[in-house]
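In what follows, a single structure is set out as structure tokens and then discussed.
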Amino acid sequence: MEIFHISAECYPVAKVGGLADVVGALPKYQNNAGHHVRVVIPCYDSKFKNENEFECVHWGHVKLGSFHFPFNVLKEKTDKLGFELYLIEIPELFDRKEVYGYQDDIERFLSFQIASLDWIIGRNEVPDVINCHDHHTGLIPFMMLYCHKYKKLQNTPSMITIHNGLYQGQFGFDKLHYLPEFDLAHVNVLEWDNSINSLAVGIKCAWAVTTVSPNYLNEINYSANGLESLFNLVRYKSRGILNGIDIEVWDPAKDNMLEKNYSIKNFEKGKQENKEKLCNLFNLDPRKPLFSFIGRLLEEKGGDLLPHAAALALSENYNQINILILGSGNPIIENQLNSLLADYKGNYNTFIGYNEELAHLIYAGSDFLLMPSRVEPCGLNQMYSLRYGTIPIVRRTGGLKDTVIDFGDDGNGICHDQATVGDVCYSIQRAVDLYDDKKHLNKIRKIGMSTDHSWERVCQEYIEMYNLIIKKK
Ligand code: ADP
């Protein structure tokens, strides 16, 4: 089967969060399973772009209303990622360091979508299926169905995978003329709540919709930032498929970002060496349990709970625990977290920013990983921490509910129900007690380390979904 993935992120080329990890891994496993997979993302000013060789396989220009943007399609020459990688180079819009956060993001991602389709229709064969990811590619299924110049793709099945329904890429009808010409009889398909909503359009027009966990699919029927009724309407073509993890990248036995590699056979010693390295770096005490957090410091991740929970847990335990935070996001949360540094020196530290290498070391060297999320469509951190023998402490929501079971029910982690400081601290207290019972602690770590979250198993579910829509042709 010939599969195209079109996305804003792909690890290791451009990563902001879990979307990149998924688009960098799933295609590789689909390729290994015998499919011909291509991944298409914008060409940012990235280290990967500058350090690898590309060939230009197509060029043209995107017309966005009265603007014209020249573009090239660059293919990475060696397929070193395990699939064919294509970068859509639109220098004026994407030759920048960051993936998102610019005033012209609507123009940027619209141009990216149009350039991708212009290239695809210029090829001899049409793909068997196009898998779009999140709102940045949500207009593609609409354009394939209704734009005159993409008529060739009218019968090509499209699927949209929703990694996070909170972000929807809305814009006003004043930008309607940016879209390539289409039959105006279908203009209302673009509308949701008086604006053009890219994610809603993708959900309406794609032949199938997937979310990144089964439980998130249930949750968005009653909590989806305004799209609840739409999700109810498209339930018939939706499925929740739990993300996998790339077990080649995330392998404590081979991970070259660790101080010491280890496996389930020698994890106690291996984890301790990584913990010592971490504690040295951050002035913490390696004899005390280490609680960490990795992620975007936003309310959706429960980031606002962290400063209060950390202060309370550290005071209640008379500094008998360590807490380490890696992340960035809301400046108020960042400041609150930094303001605790003076009071809890030696037991608490932060790294405000993004650091892939440090994240790996934290998964390996921590005892517990905090995930007090309000919204977590799937969550990959808990699966990485399980694989690295670190016990996740999660709020039961989204994919966290699908992957973490409380140790009181013979599970692999610690769970609470409310996104409150009280619930987080209660879970930390349970973890402190567990830490003193090494036999029990290690039993739970082993359960986590032996859980199979690999894409090999999951990737087949995507293929089944593609086959279902291909049959509808
Ligand atoms: P989301 O995509 O919502 O941010 P996920 O749990 O799906 O959350 O994926 C998060 C990914 O981003 C993981 O690979 C995690 O290790 C990584 N990550 C998040 N924040 C940071 C950070 N500050 N430094 C390094 N890696 C980070």
Side-chain angles (χ1 to χ4, degrees), residues 7-26 98-101 133-136 161-167 211-213 215-216 219 225 241-252 255 257-258 278 281-282 292-303 306 324-331 333-334 337-338 349-366 369-388 390 392-395 397-404 413 453 455 458:
S7 164
E9 300 178 38
C10 172
Y11 179 82
V13 194
K15 172 168 170 176
V16 175
L19 169 64
D21 287 357
V22 172
V23 177
L26 169 65
E98 303 300 326
V99 173
Y100 315 113
H133 296 268
D134 274 351
H135 75 83
H136 325 98
T161 299
I162 297 167
H163 300 256
N164 196 333
L166 285 179
Y167 306 99
T211 61
V212 288
S213 73
N215 189 48
Y216 186 56
E219 285 179 3
N225 206 10
I241 304 178
L242 189 68
N243 277 341
I245 59 172
D246 190 335
I247 52 173
E248 288 166 14
V249 175
W250 297 96
D251 181 358
D255 190 333
M257 300 187 212
L258 305 191
L278 257 186
L281 284 173
F282 289 98
S292 302
F293 171 92
I294 300 171
R296 294 177 292 124
L297 293 170
L298 301 176
E299 277 192 21
E300 76 180 88
K301 295 281 178 192
L306 290 171
L324 177 61
I325 312 278
L326 163 63
S328 61
N330 182 336
I333 302 176
E334 292 177 359
L337 287 168
N338 279 338
N349 218 329
T350 60
F351 183 105
I352 302 298
Y354 187 93
N355 188 322
E356 189 76 24
E357 207 161 320
L358 178 58
H360 284 243
L361 188 62
I362 292 179
Y363 289 119
S366 303
L369 188 87
L370 297 165
M371 294 186 76
S373 310
R374 290 195 172 77
V375 181
E376 198 62 81
C378 176
L380 295 170
N381 299 13
Q382 79 281 14
M383 295 197 252
Y384 299 146
S385 78
L386 288 167
R387 185 150 165 84
Y388 283 63
T390 297
I393 298 182
V394 308
R395 171 167 175 254
T397 185
L400 297 175
K401 199 168 168 183
D402 287 319
T403 48
V404 184
H453 280 300
W455 274 112
V458 185

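These numbers come from a predicted model, not from an experiment. Numbering of residues begins at 1 and proceeds along the displayed sequence. First listed ligand is number 1; within each ligand, the first listed atom is number 1.
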**Message:** Return the CD to OG1 distance between Glu219 and Thr211, rounded to the nearest 0.5 Å.
**Reply:** 10.0 Å
**Prompt:** Knowing that exactly one of Thr390, Asp255, Asn381 qualifies, which makes a side chain to side chain donor-acceptor pair (under 3.5 Å) with Tyr363?
**Reply:** Asn381
**Request:** Mind telling me whether Trp250 and Tyr384 have parallel, tilted or perpendicular rings, with 30° and 60° as the class edges?
**Result:** parallel
**Item:** salt bridge (charged side-chain N to carboxylate O under 4.0 Å, His left out) contacts in which one or both residues fall within residues 378-387, not counting sequence neighbours
**Value:** Asp251-Arg387
**Prompt:** Do other residues, nucleotides or ligands put more than 12 heavy atoms under 6.0 Å from the NZ atom of Lys401?
**Reply:** no
List, pair by pair, the atoms of ligand 1 and of the protein that are both N or O and lie under 3.5 Å apart, giving the separation rounded to 0.1 Å.
| residue | atom | partner | partner atom | Å |
| --- | --- | --- | --- | --- |
| ligand 1 | 2 (O) | Gly18 | N | 2.6 |
| ligand 1 | 3 (O) | Arg296 | NH2 | 2.8 |
| ligand 1 | 3 (O) | Lys301 | NZ | 2.7 |
| ligand 1 | 4 (O) | Arg296 | NE | 2.9 |
| ligand 1 | 4 (O) | Arg296 | NH2 | 3.4 |
| ligand 1 | 6 (O) | Leu380 | N | 2.9 |
| ligand 1 | 6 (O) | Asn381 | OD1 | 3.1 |
| ligand 1 | 8 (O) | Lys301 | NZ | 3.0 |
| ligand 1 | 9 (O) | Gly18 | N | 3.2 |
| ligand 1 | 14 (O) | Lys15 | NZ | 2.8 |
| ligand 1 | 14 (O) | Asp21 | OD2 | 2.7 |
| ligand 1 | 16 (O) | Tyr363 | OH | 2.8 |
| ligand 1 | 23 (N) | Gly353 | O | 2.9 |
| ligand 1 | 24 (N) | Asn355 | N | 3.0 |

**side-chain contact (heavy atoms from CB on, under 4.5 Å) assessment of Ile325 paired with Leu297** = CA-CA 10 Å; Ile325 312 278; Leu297 293 170; 4.2 Å; yes
